[in-house]
Undergrad: 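Below you'll find the structure I mean.
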Amino acid sequence: MSTALDKSIARAEEFLKRFREHPVAHLIDGKQDAGNGQTFETHSPIDNSVIAKVARGGAAEIDRAAKAATKAFRTSWSQTTGDHRRKILHKIADAIEARADEIALIESIDTGQPIRYMSKAAVRGAENFRFYADRAPSANDGLSLPTDTHLNYTIRQPIGPVGVITPWNTPFMLSTWKIAPALAAGCTVVHKPAEWSPLTAVLLSEIALRPACHRACSTPCTVSARMPAARSPSIPTSRRLASLARARPAPPSWRRARRR
Amino acid sequence: MAQGAQTLKRVHFELGGKNPVVVFADADLDRALDAVLFMIYSLNGERCTSSSRALVEASIYDEFSTRAAERMKKIKVGHPLDPATEIGPLIHPRHVDKVLSYIGAAEKEGATVIGGGRAGDKGNFVNPTLYLQARNTMKIAQEEIFGPVLTMIPFADEAEALAIANDVRYGLAAYLWTKDVGRAHRFAQQVEAGMVWVNSEKRAPPADAVRRHQVVGHRPRRRRLFLRLLHGDEEHRDRAG
């Protein structure tokens, strides 16, 4: 019996093969990084079987990622023009659309969300990138407040590296919703995907690393981090934290992660 | 947030919700029913803006809840890659335990339980659940369950609907169904939610990523109102149920 379902499962398996064979590493400063060597497992909600092993970050990994994001912010990304960022973000959107099928299938298996909804996840993610891409050229536009004697004006400047913590329910779409506006503004990002569904974050980081998206390559550092509460660092270089989290009850790991 | 305070981090949270969908007797009840079911039974109910509390005017409560229950029972639970599937497995066994724990709480507090329980013998599949004759003080009306679980509460009039809608710790989103224009604006401006949709399910433009923030204990300063202008058939909606 070869139904549409069987075919989808077979396709998903092709895409998942790489995750089954190799542990998912951190991506720090544009490079694969095994970190401290510790891993955790991500499971399929369909039967709770292991899909992949994923690098478990700690204080050191977060620290390295934040420093890389700070360097990328200071030396390149914040110095780009809005028009340049607009072009790059549109290229990211193009690449997301090109891998829409793969993103949808992996998202569906990793989260358990029905494909009828996840089939649009990538398209919506790309739409988020396009929306914010088009706002990049005017991102630094502030207010003009002239008086009799002075020309007063404000400008808006990127605040710096942003820590982005995203939830497990529809991770790809929600990650783009946080990351795209930060990048458009000229900020860099340290992303901590949810432990229960971390896989599509890998695809997003690969897309951003493509040569066509080159200037963004050191920007979205993917960090799968679970930090011990007692030793979590207060990163002085990260200036803003954006989170989509549930108020309560939150799984313990979320509470830890939020302490960045 | 507590740790970020030490280094003066600016924080931006989108948190949970126990979002009301308020259905008045004068609403287009077919569309309201579609939207009520869609906004709780799609995406496995694992959605911050899900309409997890349906407040239904008493005069239509029995009919509306009966129709909702009939539709809910037809929802297909199955493999997430099956194109026919409307509800897939929940994210994690721990989350399944949490979602199912509310059935006992609902029975204990005297609500009527329709559906629910595990589906299948492996994986994290659960059947959609509808809690009827609920009161807003119940656990199932106050806590975010984050699964395919709808709590339906009757109300007598607009004032009571507003009081119930606002009597939760959350305030992320709200949905109104009414044909009374004055009431739509009045209610939308008074309901304590960061985003309010009138005669519509959630339709969030990309810009909302930076605008929507509503937190336990924080009431919104800025409110986004979305009034549906068109009821076009051109809009393809993948309905749950």
Side-chain angles (χ1 to χ4, degrees), chain A residues 3-5 8-9 11-12 43-48 105 108-109 111-120 124 127-132 135 159 163 167-170 174 176-178 180-181 194 196-197 232-236 238-249 251 258-260, chain B residues 1-17 42-48 76-96 98 120 122-125 143-144 146 169-170 172 204-210 212 215-217 238 240:
Chain A
T3 60
L5 172 59
S8 291
I9 292 173
R11 275 183 68 67
H43 298 94
S44 163
I46 299 162
D47 56 7
N48 289 309
L105 289 168
S108 210
I109 294 283
T111 62
Q113 293 285 4
I115 193 69
R116 65 163 57 197
Y117 305 120
M118 288 308 98
S119 62
K120 294 155 197 145
R124 180 58 196 268
E127 193 188 325
N128 287 337
F129 267 93
R130 294 196 195 288
F131 180 90
Y132 288 104
R135 274 145 190 83
I159 193 168
W168 48 254
N169 54 343
T170 53
L174 292 172
T176 63
W177 220 357
K178 289 288 175 197
W196 283 355
S197 52
S232 53
S234 328
I235 298 167
S238 171
R239 295 196 183 152
R240 186 172 182 138
L241 196 57
S243 171
L244 292 113
R246 289 178 299 130
R248 212 174 58 171
R258 216 180 280 154
R259 290 169 183 263
R260 189 160 59 209
Chain B
M1 187 187 272
Q3 192 172 16
Q6 295 167 17
T7 46
L8 298 177
K9 300 267 192 300
R10 290 166 64 177
V11 297
H12 178 123
F13 292 120
E14 182 195 319
L15 301 175
S42 63
L43 295 180
N44 295 349
E46 296 165 333
R47 172 178 354 221
C48 306
K76 183 169 161 44
V77 179
H79 194 291
L81 294 188
D82 186 338
T85 292
E86 291 163 309
I87 296 179
L90 302 187
I91 188 79
H92 195 277
R94 278 212 322 257
H95 190 54
V96 172
K98 179 197 159 184
K122 64 171 184 176
N124 307 332
F125 296 90
E143 296 183 9
E144 183 182 43
F146 219 63
R169 303 185 312 130
Y170 298 103
L172 180 63
D208 269 357
V210 292
R212 45 195 280 197
V215 184
V216 174
D238 247 330

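Chain letters run A, B, ... following the sequence lines, proteins first and then strands; every chain starts at 1.
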Undergrad: Can you tell me how far the OH atom of Y117(A) sits from the OG1 atom of T85(B), to the nearest 0.5 Å?
TA: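 It comes to 10.0 Å.
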Undergrad: Heavy-atom distance under 4.5 Å to chain B: side chain of T170(A), backbone, both or neither?
TA: side chain
Undergrad: Is there a donor-acceptor contact under 3.5 Å from the side chain of R116(A) to the main chain of E86(B)?
TA: no
Undergrad: Return the minimal non-hydrogen interatomic distance between M118(A) and L43(B), and the atom names on each side.
TA: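 Minimum heavy-atom contact is CE-CD2, 3.5 Å.
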Undergrad: Can you tell me which portion of I91(B) sits under 4.5 Å from chain A's heavy atoms? Options are side chain, backbone, both or neither.
TA: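 Looking at I91(B), backbone and side chain both touch chain A.
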Undergrad: Report the relative orientation of the aromatic rings in H92(B) and W196(A); use parallel for angles under 30°, tilted for 30 to 60°, perpendicular for over 60°.
TA: parallel
Undergrad: Return the minimal non-hydrogen interatomic distance between I9(A) and H79(B), and the atom names on each side.
TA: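 Looks like CD1-NE2, 3.6 Å.
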Undergrad: Under a 4.5 Å cut-off applied to non-hydrogen side-chain atoms, are K122(B) and I46(A) in contact?
TA: no
Undergrad: With no hydrogens and no angle check, is any side-chain donor or acceptor of N48(A) less than 3.5 Å from a backbone partner on P93(B)?
TA: no
Undergrad: Taking all non-hydrogen atoms of both residues into account, name the closest pair between P45(A) and P89(B) and its distance.
TA: O-CB, 3.3 Å
Undergrad: Could you pull out the closest heavy-atom pair between G112(A) and P80(B), with the gap in Å?
TA: O-CB, 3.7 Å
Undergrad: Go through the atoms of A12(A) and report whether side chain, backbone, both or neither lie under 4.5 Å from a heavy atom of chain B.
TA: side chain
Undergrad: Within the 4.5 Å heavy-atom criterion, are P114(A) and D82(B) side-chain neighbours or not?
TA: no
